[in-house]
Amino acid sequence: MKKNSVTLTVGQIVAGGIIGLVGGWVCLFVFENFIWQVLLGDRINHGFWVGLFLLISLVITYGVVIMGAGVGMRFVSQRFGVDIPLKSLCSGAFLGPPAVVGLLALLNVPWEIFGKPNLILALFIPVLKTLAYIISLPMRGWVSVGLPVEIWYVLAVPIGAIVGYRLEVSLSTRDSGV
């Protein structure tokens, strides 16, 4: 049973990562080469409209990546006889990449912006520095070795989906008293 669980998890991460990456590349190709260059071209120069079309492009691309990864992961889980609701997969997948952004932000926190610390900050900032360092340790190691950070973004979607699904399952079993 444990071997199947590990195989299922690895299969979900691989399928979700590959399908999400391919979906993102397809959206990038469509938006970059067709919509932005052919349809819009130099016709739109105003900041509001450029920002609006950029927002639409990002939302659609992110949605395609999340849904593609979720559907791929659900397909893999059904092959193992497990039916996972798409909603819980997509909820977790949606939060995966922002978690990577948060980890990257912890690498270079400008602690000096807090200025001359008063008593509360003098006690609180060292604790926050230590927590930030410990939480971002895997990312620090990854960056110090020189590996590309983009791999984290590709893996964040399926890993976030798995965490979201498992968290929902554990919360629902705890609430039901099972």
Side-chain angles (χ1 to χ4, degrees), residues 2 5-21 23-25 27-28 47 50-51 54-55 57-70 72-73 77 84-178:
K2 187 131 179 133
S5 177
V6 171
T7 307
L8 171 64
T9 302
V10 170
Q12 286 177 323
I13 291 172
V14 169
I18 290 172
I19 293 172
L21 187 61
W25 277 339
C27 283
L28 177 68
V50 170
L54 182 61
L55 178 65
S57 301
L58 288 172
V59 167
I60 290 173
T61 301
Y62 197 48
V64 165
V65 168
I66 298 300
M67 285 302 294
M73 292 174 69
S77 67
I84 299 174
L86 191 58
K87 180 184 175 192
S88 61
L89 281 175
C90 290
S91 297
F94 180 76
L95 296 175
V100 172
V101 171
L103 285 173
L104 284 172
L106 287 177
L107 294 180
N108 298 315
V109 175
W111 296 103
E112 63 277 357
I113 64 169
F114 293 107
K116 184 179 177 190
N118 57 23
L119 178 62
I120 294 173
L121 286 178
L123 296 173
F124 197 53
I125 287 179
V127 173
L128 285 178
K129 279 176 142 176
T130 306
L131 282 174
Y133 184 80
I134 292 170
I135 290 170
S136 66
L137 206 55
M139 187 66 75
R140 287 181 191 281
W142 188 272
V143 170
S144 69
V145 173
L147 297 171
V149 178
E150 290 80 8
I151 293 173
W152 281 78
Y153 286 107
V154 172
L155 296 177
V157 171
I159 290 173
I162 291 170
V163 169
Y165 165 69
R166 299 234 170 119
L167 184 63
E168 184 178 306
V169 167
S170 68
L171 289 177
S172 67
T173 55
R174 185 190 76 185
D175 291 340
S176 65
V178 176

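Annotation: the span from Tyr133 atom OH to Leu107 atom CG amounts to 10.5 Å, rounded to 0.5 Å. In this structure, Leu123 CG and Leu128 CG are separated by 11.5 Å, a value rounded to the nearest 0.5 Å. Here the straight-line distance linking atom CD1 of Ile84 with atom CZ of Arg166 works out to 7.5 Å at 0.5 Å rounding. To the nearest 0.5 Å, the span separating CD1 on Ile13 from CD1 on Ile162 amounts to 4.0 Å. Between Leu95 atom CG and Ile159 atom CD1 the span is 14.0 Å, to the nearest 0.5 Å. One finds the CE atom of Met67 at 12.0 Å from the CD1 atom of Ile19 (value rounded to the nearest 0.5 Å).
Using a 4.5 Å cut-off on side-chain heavy atoms (C-beta onward), Tyr165 and Ser91 make no contact. Under the 4.5 Å side-chain criterion, counting only non-hydrogen atoms from C-beta, Leu58 is not in contact with Tyr62. For the pair Leu8 and Gln12, the minimum side-chain heavy-atom distance is below 4.5 Å.
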I would like to know whether Val143 and Trp152 meet side-chain contact (heavy atoms from CB on, under 4.5 Å); could you show each step before the answer? CA-CA 11 Å; Val143 170; Trp152 281 78; over 6 Å; no
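Nearest heavy atoms, Ile60 versus Cys27: O-SG, 4.5 Å. Closest approach of Ser136 and Leu106 over heavy atoms only: CB-CB, 3.8 Å. The heavy-atom pair separating Gly16 from Met73 by the smallest distance is CA-CG, 3.8 Å. For the pair Pro158 and Gly17, the tightest heavy-atom approach, listed with the atom from each and the gap, is CG-N, 3.7 Å. The two residues Thr61 and Ser57 come nearest to each other via the heavy atoms OG1-O, 2.8 Å. When all heavy atoms of Ala15 and Gly72 are compared, the pair lying nearest together is CB-O, 4.1 Å.
With hydrogens and angles ignored, the 3.5 Å screen pairs no side-chain donor or acceptor of Trp25 with any backbone N or O of Gly20. Looking at Ser144, its side chain does come within 3.5 Å of a backbone N or O of Gly141 through a donor-acceptor pair.
No more than 12 heavy atoms of other residues, nucleotides or ligands sit less than 6.0 Å from atom CZ of Phe94. Other residues, nucleotides and ligands contribute over 12 non-hydrogen atoms within 6.0 Å of the CE atom of Met139.
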